[in-house]
Amino acid sequence: MSATGKPQDRVRTYSEIVAGGELDRVYLGDRGYLQRVAGDLYGGLARTDTAEVAAAMHHGNRPGPSRGYLYQLAAAAGWTSVPFLPLLRQRTLILAGDDDPIIPLANARLMHALIRGSRLHVYCDGHLGLVTQAAELAPVVDGFLAAP
């Protein structure tokens with residue numbers, strides 16, 4: 001099998017974005033750069049409204065020290081909770097976007113299959129759905145927390 005498109009025509013993987021140092025530019029606050037790569041990086045609404053997503057990501061809300069960001073990258077590169085998921089006994093709500101390049105929907109489906117009694121809610125958006133779809137997702141979370 002071979003691809004016939006030019007390399008720049010395909011969607012880049014999250015690993016390629018991390019390896020290229022692009023998340024560093026996003027994390028350090030290069031808003032113009034975020035607007036250019038937001039669709040590939042976050043999917044969902046970021047594919048069509050990059051300005052809104054860039055504003056939400058850089059409205060004076062850089063999360064904590066850079067050490068936490070580095071830990072997050074290291075964890076994503078080589079750690080998995082899969083063997084431990086069947087051991088969970090807590091009620092679990094799994095929220096997943098249907099267009100998330102960072103955490104594909106298949107991951108949420110696997111978690112749902114491995115966590116006994118979990119609830120999977122798939123929303124129409126990408127990785128930033130909890131920010132961009134907050135009004136739609138808050139009732140889902142509230143309903144889950146209020147259930148016995």
Side-chain angles (χ1 to χ4, degrees), residues 1 3 5 7-27 29-31 33-64 68-148:
M1 176 174 284
Q8 65 270 24
D9 289 343
R10 69 180 179 80
V11 174
R12 293 169 298 143
T13 67
Y14 180 68
S15 297
E16 290 170 326
I17 291 169
V18 170
E22 296 172 52
L23 280 183
D24 297 337
R25 290 180 69 181
V26 169
Y27 186 84
D30 186 342
R31 186 172 174 169
Y33 182 74
L34 177 58
Q35 280 188 259
R36 290 191 302 278
V37 301
D40 286 348
L41 186 59
Y42 298 118
L45 180 66
R47 295 191 192 283
T48 57
D49 196 349
T50 58
E52 180 179 331
V53 169
M57 291 298 293
H58 289 290
H59 187 66
N61 63 351
R62 288 295 71 199
Y69 164 69
L70 294 174
Y71 287 158
Q72 185 178 16
L73 287 179
W79 189 82
T80 180
S81 60
V82 169
F84 305 103
L85 295 179
L87 303 175
L88 290 176
R89 298 294 175 251
Q90 296 81 4
R91 292 178 51 242
T92 305
L93 173 63
I94 302 165
L95 299 173
D98 64 355
D99 182 23
D100 185 343
I102 296 175
I103 313 285
L105 183 54
N107 290 30
R109 294 193 191 285
L110 176 63
M111 289 173 62
H112 180 54
L114 293 174
I115 301 172
R116 185 179 314 147
S118 64
R119 178 173 164 211
L120 173 61
H121 179 83
V122 179
Y123 55 87
C124 295
D125 204 340
H127 191 71
L128 300 177
L130 288 175
V131 175
T132 59
Q133 302 293 325
E136 292 81 6
L137 292 175
V140 174
V141 174
D142 285 343
F144 177 79
L145 293 174

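Model, not experiment: these values are computed from the prediction. Position 1 is the first residue of the sequence, and the numbers go up from there.
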Exercise. Evaluate the criterion side chain to side chain contact (heavy atoms under 4.5 Å, CB included) for residue pair Arg47 and Asp40; output intermediate values, then yes/no.
Key: CA-CA 7 Å; Arg47 295 191 192 283; Asp40 286 348; 4.3 Å; yes
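For the side chain to side chain contact (heavy atoms under 4.5 Å, CB included) with Arg119, the qualifying choice from Val140, Ile94, Thr92 is Val140, the only one to do so.
Side-chain contact between Tyr123 and Glu136: absent, with no pair of heavy atoms (C-beta onward) separated by less than 4.5 Å. No side-chain heavy atom of Val141 sits less than 4.5 Å from a side-chain heavy atom of His121.
When every heavy atom of Asp125 is checked against every heavy atom of Leu45, the shortest pair comes out as OD1-N, 2.7 Å. Scanning all heavy atoms of the two residues, the minimum distance from Pro83 to Pro86 falls at O-CD, 3.7 Å.
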Give every donor-acceptor pair under 3.5 Å between a side-chain atom in residues 101-117 and any protein atom, sequence neighbours left out.
from   : atom 1 : to     : atom 2 : distance (Å)
His112 : ND1    : Ser118 : O      : 3.4
His112 : ND1    : Ser118 : OG     : 2.8

